[in-house]
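None of the values given here were measured: they were computed from a predicted structure.
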Amino acid sequence: MNFFKLFFLAVSGAAYGILSAAGVFTVFVAVGLVPRFAGRTHTAGKILLYEEMVIFGTLAGSFLSIFSRYSQFGAWWQQHFPGQEEALLRAGGAIQLIFGLFSGMFVGCLALAIAEMLDSIPIFTRRISFRHGIGLAVVSMAAGKLCGSLLYFWWEFHRTA
């Protein structure tokens, strides 16, 4: 019986992970972020490399957030190089600076791409003759987001064991 519980948890966890990763990649494809980067930098020949790096970054981020016990570089450094904490702090500061710079550029480009995609919503609504109820649709989406976040914090789904 215990095996079936573990198997069900593993299968459902993998399915939820695949679904959330598919959602992330769908947003990237919908806003055309990777082709836009390739077009701006005039490196369209390396677009497959860009897409692979987005996938690798998502997988690495997922691995580091789920298996944080196995990604404790600071503890490993202190164990193998005692007394060299100053070098680790300097390297960590430089890595944070570089990561912050690239994360800020990525988030900025993603926000601009989503804003440009939002410009297409009025065109889409005119093409499908959706004239009345746009305000109601926006309010419904906002209310659904509000209810979801309230339930999330009410049942304390954010707490981990």
Side-chain angles (χ1 to χ4, degrees), residues 10-81 84-131 133-135 137-146 148-149 152-153 157-158 160:
V11 169
S12 63
Y16 293 137
I18 289 170
L19 286 173
S20 60
V24 168
F25 295 130
T26 300
V27 168
F28 289 158
V29 168
V31 300
L33 195 62
V34 175
R36 182 167 303 172
F37 281 148
R40 295 280 181 177
T41 58
H42 306 293
T43 55
K46 295 185 173 32
I47 197 161
L48 290 177
L49 176 67
Y50 292 154
E51 291 173 353
E52 289 171 0
M53 291 298 108
V54 168
I55 292 170
F56 175 73
T58 304
L59 291 174
S62 298
F63 179 80
L64 292 176
S65 65
I66 293 172
F67 301 109
S68 62
R69 180 175 23 158
Y70 301 111
S71 60
Q72 304 271 331
F73 180 71
W76 177 85
W77 181 274
Q78 288 177 347
Q79 187 179 31
H80 289 81
F81 303 103
Q84 298 292 328
E85 286 83 16
E86 184 67 30
L88 181 64
L89 289 175
R90 289 180 192 266
I95 289 171
Q96 283 181 343
L97 180 72
I98 293 168
F99 179 77
L101 176 70
F102 285 114
S103 295
M105 289 188 318
F106 178 78
V107 169
C109 290
L110 184 62
L112 287 174
I114 290 173
E116 286 181 15
M117 193 175 97
L118 288 177
D119 290 341
S120 66
I121 291 176
I123 297 168
F124 177 69
T125 57
R126 279 191 297 249
R127 289 222 174 147
I128 65 169
S129 300
F130 186 58
R131 306 243 186 260
I134 294 175
V138 171
V139 169
S140 298
M141 286 189 282
K145 194 78 167 152
L146 174 72
S149 63
Y152 180 79
F153 288 108
F157 288 135
H158 63 282
T160 58

Nearest non-hydrogen partners of I47 and P35, listed with the distance: CD1-CA, 3.8 Å
Flag side-chain contact, heavy atom, 4.5 Å: M105 against F102: yes
Qualifying residues under side chain to side chain donor-acceptor pair (under 3.5 Å), relative to H80, sequence neighbours excluded: W76
Set of side chain to side chain donor-acceptor pair (under 3.5 Å) partners for T43, sequence neighbours left out: T41, Y50
Any residue meeting salt bridge (charged side-chain N to carboxylate O under 4.0 Å, His left out) with R40, in chain and number order, not counting sequence neighbours: none
Distance, nearest 0.5 Å, that separates CD of Q96 from CZ of F99: 9.5 Å
